[in-house]
Undergrad: 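Just passing along the structure, written as structure tokens.
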Amino acid sequence: MYNINRDLANIFKKMAAIYEFLDDRFRAMAYQRAAHIIEDLPEDIRNYIVSGKLYMIRGIGPSIASKIEEYVKTGKIQKFEELKKQVPEDFIELIDLPGFGPKTLKKIHDELGISTKEELVKALKDGRVEKLEGFGPKKVENMLKGLQMYEISKRRIILWEALQISEYLKEKLKSGLKEIKKIEVAGSVRRRKETIGDIDILVTAEDKYRSKIMDFFTSIEEVSEVLVKGPKKSSVIMKFEGKERQVDLRIFNDDEWGAALQYFTGSKQHNVHLREIAKEKGLKINEYGVFDAKTDKKIAGETEESVYQSVGLKWIPPELREDRGEIEASMRDALPDLVELKDIKGDLHVHSTWSDGVVSIKEIIDFVKKKYRYDYIAITDHSKSQRVAHGLDEGRLLEEINEIKLLNKMIGFDFVKTGIEVDILLDGSLDLPDDVLSKLDWVVASVHSHFNRDNTDRIIKAMENPYVNVIGHMTGRLIGLREGYPVDMNAVIKAAKETGTALEINAQPRRMDIDEIWIRKAVEEGVKLVISTDAHNLGNFAFMEIGVYIARRGWAEKKDILNTGSWKDIQRFITEKRKRFGVKYV
DNA sequence: GCCGTTTTCGGCCCGACTGTTTTCAGTCG
């Protein structure tokens with residue numbers, strides 16, 4: 001699907017890069033900000049023009065708004081075309097590289113007449129750059145390294161991997177250094193973003209131990225390179241399973257902890273906004289605390305709560321800190337009461353050896369009953385179209401149902417719910433007939449074929465089946481591996497509301513599908529969501545955590561998530577839909 | 001280019017580290 005928002009965001013990012021090169025920092029900032037805002041919009045930007053809401057978005061002023069309208073009308077932005085002529089094409093990309101700032105590139109361009117990446121590499125290697133005033137061998141070395149590093153920094157890792165690495169490093173530092181008092185991973189890991197660039201670790205310790213801590217950190221066995229090393233901050237490249245990651249460590253005093261945590265958790269936009277508010281109130285916030293701007297007297301900083309409180313705000317959960325309205329909500333004391341892992345009462349998308357799972361239903365029961373305090377789980381194996389996954393036909397599904405009944409008898413209550421992940425076929429019909437689906441406790445319907453077309457029509461048709469309770473992994477995306485197929489999510493959310501169908505938040509770490517933007521939209525529309533692990537083995541049940549994080553980033557509360565309720569609540573949801581369609585209900 | 005219960009003009013977050021300097025500019029997050 002043609003995504004005008006993404007196109008516009010990319011243009012504004014490039015314009016920001018050009019303005020940076022032209023040393024117009026603040027204009028660059030404005031365009032950067034606009035690009036982020038447009039990326040985050042839940043709807044096609046053309047809808048905002050039509051409804052007149054474009055001008056009401058904070059960060060989009062008259063000039064950028066008129067450029068958006070120009071692009072929508074003509075497919076071009078005249079100013080962008082003009083700007084491109086002022087900067088060598090390659091430099092728009094180069095400005096993002098570590099070690100390549102606007103001043104550096106401009107000097108190289110002006111004094112050596114260099115305008116392509118190739119010429120630049122050559123000049124770096126043959127010593128021409130090194131001879132420029134203000135340059136030297138180290139700077140040239142770092143620029144060459146920056147070119148190499150670029151590939152690494154572009155490859156972001158998924159949240160799950162970042163959480164594993166974070167836990168490992170926390171444990172390593174804590175056990176190796178008794179001098180560390182507090183330790184936390186901040187940055188986008190703490191905000192639980194879908195993908196992570198760098199890992200930021202914060203610790204507190206007495207001043208005298210700083211050099212010892214930095215020595216230990218920079219010599220951890222996974223460290224392949226030390227980028228910077230100082231008493232307060234060090235940066236290294238670490239290698240995990242062949243993948244390189246930048247890891248930063250910062251040391252603070254105990255009374256600075258809250259301010260440091262707040263500062264380094266970000267996001268950048270959230271912090272900038274927060275600082276603006278502080279400034280209006282005559283305060284100054286930095287990573288060491290909140291200060292009176294005039295007297296420099298410290299008034300807060302030991303806890304994050306105190307930092308927010310000092311500017312008149314309630315503490316904001318890290319998952320919300322993206323400057324998407326959370327600061328305003330905090331001011332009004334109207335922050336959502338976000339769903340938590342402990343609220344989850346069961347898992348409604350689980351595969352067993354009946355299809356492509358690797359453990360039997362019996363093993364799943366033993367494991368889940370021991371490790372999780374769930375009230376129910378639904379076994380939802382694949383249907384027959386999924387031949388490679390040994391999908392179930394009607395006969396085998398009935399056998400599976402019988403096995404579940406027997407197992408429940410042994411448990412003493414209906415802990416395991418019978419279910420299916422039924423394929424949505426090309427025409428939107430389902431892989432099993434209604435009379436079979438009607439016998440099941442829970443029906444997930446998913447698209448597993450024809451990934452190269454817009455599948456909105458298929459999904460909506462599936463929702464119109466009275467026995468379909470939830471749509472599984474909506475877009476089919478696999479982060480970093482495969483783009484999702486196009487889906488008109490506004491239409492899907494509307495259909496979900498009208499038909500009484502839930503939407504799945506698939507917690508597989510590479511899926512996280514639907515994403516936070518659409519979760520928020522669904523929540524706003526009052527559409528119910530289900531967080532599911534789509535487990536194929538016992539380890540996968542741990543992914544529930546990921547699903548909850550993504551739900552929280554989408555502002556979801558406990559009441560929005562169907563599987564925070566009892567099975568009775570879920571039955572009520574199922575019955576509601578069947579009633580609407582006038583079919584027999586449980 | 002955006003924004004405003006101290007502003008419609010004059011600000012725009014701010015501190016750490018590095019490299020090239022010899023007191024600081026550039027970059028980064």
Side-chain angles (χ1 to χ4, degrees), chain A residues 12 15-16 18-20 22-37 55-68 79 83 94-108 129-143 145-146 149 153 186-188 197-202 210 214 226-236 246-252 256 259-260 262-291 293 296 311-312 323 331:
Chain A
F12 287 153
M15 289 178 78
I18 293 169
Y19 278 123
E20 212 173 298
L22 298 174
D23 207 16
D24 196 343
R25 279 173 52 214
F26 298 113
R27 201 169 258 116
M29 230 162 69
Y31 275 101
Q32 192 76 50
R33 188 170 174 188
H36 280 300
I37 290 167
Y55 291 89
M56 288 158 64
I57 304 172
R58 220 179 74 101
I60 305 229
S63 174
I64 288 182
S66 79
K67 288 185 178 67
I68 292 171
K79 184 79 193 172
L83 280 171
L94 287 171
I95 202 144
D96 286 332
L97 269 58
F100 292 64
K103 300 267 161 57
T104 303
L105 279 174
K106 190 154 174 48
K107 187 149 188 162
I108 290 172
V129 175
E130 193 181 321
K131 287 198 192 80
L132 292 174
E133 195 197 335
F135 287 61
K138 279 281 194 180
K139 173 130 181 101
V140 167
E141 196 190 315
N142 282 337
M143 288 177 77
K145 227 184 262 171
M149 276 285 300
S153 64
S188 50
D198 304 338
I199 292 175
D200 304 300
I201 305 173
L202 309 181
R210 283 187 172 166
M214 287 309 187
V226 178
L227 300 173
V228 293
K229 186 181 176 188
K232 292 185 169 185
K233 177 200 165 171
S234 291
S235 286
V236 300
Q246 183 172 328
V247 183
D248 297 346
L249 178 72
R250 286 168 191 268
I251 308 179
F252 292 91
E256 299 161 342
Q262 196 290 318
Y263 187 97
F264 286 104
T265 297
S267 67
K268 192 174 170 180
Q269 287 101 313
H270 175 91
N271 283 0
V272 168
H273 194 166
L274 196 68
R275 272 188 197 83
E276 282 168 10
I277 294 172
K279 213 172 158 149
E280 284 163 19
K281 293 181 187 291
L283 301 170
K284 187 184 76 177
I285 304 180
N286 61 27
E287 58 263 57
Y288 303 110
V290 182
F291 301 86
D296 244 8
V311 292
D323 198 19
M331 263 178 212

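Below, chain A is the first sequence line, B the second, and so on; all start at residue 1. Nothing here was measured: the structure is a model prediction, and the numbers come from that model.
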Undergrad: Sequence neighbours excluded, which residues qualify as side chain to side chain donor-acceptor pair (under 3.5 Å) partners of A:Ser63?
TA: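 Testing A:Ser63 for side chain to side chain donor-acceptor pair (under 3.5 Å), a comparison that skips the adjacent residues, returns A:Lys67.
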Undergrad: What side-chain donor-acceptor pairs closer than 3.5 Å can you find for residues 266-276 of chain A, not counting sequence neighbours?
TA:
| residue | atom | partner | partner atom | Å |
| --- | --- | --- | --- | --- |
| A:Ser267 | OG | A:His270 | N | 3.3 |
| A:Ser267 | OG | A:Arg321 | O | 3.1 |
| A:His270 | ND1 | A:Glu326 | OE2 | 2.7 |
| A:His270 | NE2 | A:Tyr308 | OH | 2.8 |
| A:Asn271 | OD1 | A:Gln262 | NE2 | 3.1 |
| A:Asn271 | ND2 | A:Tyr263 | O | 2.8 |
| A:His273 | ND1 | A:Arg58 | NH2 | 3.3 |
| A:His273 | ND1 | A:Asp323 | OD1 | 2.7 |
| A:Arg275 | NE | A:Ile285 | O | 3.0 |
| A:Arg275 | NH1 | A:Asn271 | O | 3.2 |

Undergrad: Give, ordered by number, those residues of residues 226-235 of chain A having at least one heavy-atom distance below 4.0 Å to an atom of DNA chain B; if nothing qualifies, reply none.
TA: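 Correct list: A:Val228, A:Lys229, A:Gly230, A:Pro231, A:Lys232, A:Lys233.
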Undergrad: Just name whichever nucleotide pairs with B:dT8, Watson-Crick or G-U, keeping both distances under 3.5 Å, else none.
TA: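 B:dT8 is unpaired by these criteria.
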Undergrad: Who pairs with A:Arg25 by salt bridge (charged side-chain N to carboxylate O under 4.0 Å, His left out), at least two apart in sequence or on another chain?
TA: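 Applying salt bridge (charged side-chain N to carboxylate O under 4.0 Å, His left out) to A:Arg25 gives none.
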Undergrad: Reckon A:Tyr263 touches a base, only the sugar-phosphate, or nothing at all at heavy-atom distances under 4.0 Å?
TA: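 The answer is base, as A:Tyr263 lies within the cut-off (heavy atoms under 4.0 Å) of a base atom.
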Undergrad: Using the test salt bridge (charged side-chain N to carboxylate O under 4.0 Å, His left out), find all partners of A:Asp198 that sit at least two apart in sequence or belong to another chain.
TA: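 For A:Asp198 there are no salt bridge (charged side-chain N to carboxylate O under 4.0 Å, His left out) partners, ignoring immediate neighbours.
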Undergrad: Under 4.0 Å, heavy atoms only, any strand: does A:Asp24 hit a base, just the sugar-phosphate, or nothing?
TA: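 Counting heavy atoms under 4.0 Å across all strands, no contact is made by A:Asp24.
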Undergrad: Mind checking side chain to side chain donor-acceptor pair (under 3.5 Å) for A:Ser234 and listing every partner two or more places apart, or none if nothing turns up?
TA: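 Applying side chain to side chain donor-acceptor pair (under 3.5 Å) to A:Ser234 gives none.
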Undergrad: Could you tell me the boundaries of the chain A footprint on DNA chain B, defined by atoms under 4.0 Å from its heavy atoms?
TA: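 For DNA chain B, the relevant span reads B:dG1 to B:dG29.
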Undergrad: Report the residues that fulfil ring pair (Phe, Tyr, Trp, His ring centres under 6.0 Å) with A:Phe12, sequence neighbours left out, ordered by chain and then residue number.
TA: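 Residues passing ring pair (Phe, Tyr, Trp, His ring centres under 6.0 Å) with A:Phe12: A:Tyr31.
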Undergrad: What contact category does A:Arg58 fall into here, base, sugar-phosphate, or nothing, at under 4.0 angstrom with non-hydrogen atoms?
TA: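 Sugar-phosphate, backbone atoms only, no base.
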Undergrad: Return whichever of A:Lys139 or A:Glu287 has its heavy-atom-nearest nucleotide of DNA chain B closer to the 5' end.
TA: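 Residue closer to the 5' terminus by nearest nucleotide: A:Glu287.
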Undergrad: A:Phe26: what forms a ring pair (Phe, Tyr, Trp, His ring centres under 6.0 Å) with it, not counting sequence neighbours?
TA: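 Ring pair (Phe, Tyr, Trp, His ring centres under 6.0 Å) list for A:Phe26, sorted by chain: empty.
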